[in-house]
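Report on the following structure.
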Amino acid sequence: MLQTIEQTHSASVHYASLPTPPASTAGSPSTSSANLCKTTEVAIPHRHHILIVTGPAGCGKSTIAKVLSNRYGFEYIEGDEYHPKANIDKMAAGIPLNDEDRWDWLILLRDQALQDLKKGAKGVVITCSALKKKYRDVIRTARLYDEEPDANVHFVYLRADKETLLARVRGRQGHYMKDSMVESQFAALEEPDELEVKQLKDVEIVDVKGGIEEVSQLASDAVDRVLVSR
């Protein structure tokens, strides 16, 4: 049964945080993302939706993206799996990716999302660091290429401080992302600016300092508002 959500008129960007979030823990939580949000589908308008879960390494993009994918019945695209081997080798060696390394990857993610929608998916959830505004702009052009003229492209930016990111990355087993990559990504990070927040109105900001169940609920609540209002 589809969940019925009461439509609300909220601000263009939601800083989804709780007054007293629990301290974050090092490493990736073992809780299955499929069980973090009890409702698996939500009644939303019939149109194409592309959700991009963004933020530096360690912010929880994959976990939250899977929660959203399960909740809305959207296709899931793990951005890291689309990096060419040259990019993975660079990151594993602690060498930050530059703009040239990222352009083809960003276009590939955008085109994969459009391909899934063309095949019949009602929506897509992508994990992508999208550290800079110009990277997010590449994904935004999906609106121009989609067959649905009223497609909804929206970003969920997972905000965390550097110490939280470092603690989580250090707790990973066998992942190519190292401390130095968190440092470089955090240094390169351009948080959504006033233009994106107030004019484009396509960014939701979620504080990820809390536990994973709490963050999953915050992200779900924020995206519920977006999908119902558009």
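What you see is a predicted model; the values in this text were computed from it and never measured. All values below come from the heavy atoms of this structure, side chains included, with hydrogens, waters and symmetry mates left out.
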| Can you name the side chain to side chain donor-acceptor pair (under 3.5 Å) partners of Tyr145, sequence neighbours left out? | none
| field | salt bridge (charged side-chain N to carboxylate O under 4.0 Å, His left out) partners for Lys119, two or more places apart | value | none
| request: State which residues pass salt bridge (charged side-chain N to carboxylate O under 4.0 Å, His left out) with Glu194; sequence neighbours excluded, sorted by chain then number. | output: Lys198
| With Ile107, which residues qualify under side chain to side chain contact (heavy atoms under 4.5 Å, CB included), at least two apart? | Arg110, Asp111, Val138
| task | Just jot down the salt bridge (charged side-chain N to carboxylate O under 4.0 Å, His left out) partners of Asp101, sequence neighbours excluded, or say none. | result | Lys90
| note | Hits for ring-ring contact (aromatic ring centres under 6.0 Å, His included) against Tyr135, two or more places apart or cross-chain, chain-then-number order -> Trp103
| query | Looking at residues at least two apart in the chain, or sitting in another chain, which of them share a side chain to side chain contact (heavy atoms under 4.5 Å, CB included) with Glu191? | reply | Tyr157, Arg159, Leu189
| With sequence neighbours excluded, what pairs up with Gln112 under the side chain to side chain donor-acceptor pair (under 3.5 Å) test? | Asp116
| note | Sorted by chain and number, sequence neighbours left out, side chain to side chain donor-acceptor pair (under 3.5 Å) with Asp221 holds for Gln217
| task | Please list, chain by chain and in numerical order, all residues satisfying ring-ring contact (aromatic ring centres under 6.0 Å, His included) with Phe155, sequence neighbours excluded. | result | none
| message | List the residues meeting salt bridge (charged side-chain N to carboxylate O under 4.0 Å, His left out) with Glu75, not counting sequence neighbours, and say none if there are none. | response | none
| By side chain to side chain donor-acceptor pair (under 3.5 Å) - contacts of Asp193 (at least two apart) | none
| Leu51 and Val223, any side-chain heavy atoms less than 4.5 Å apart | yes
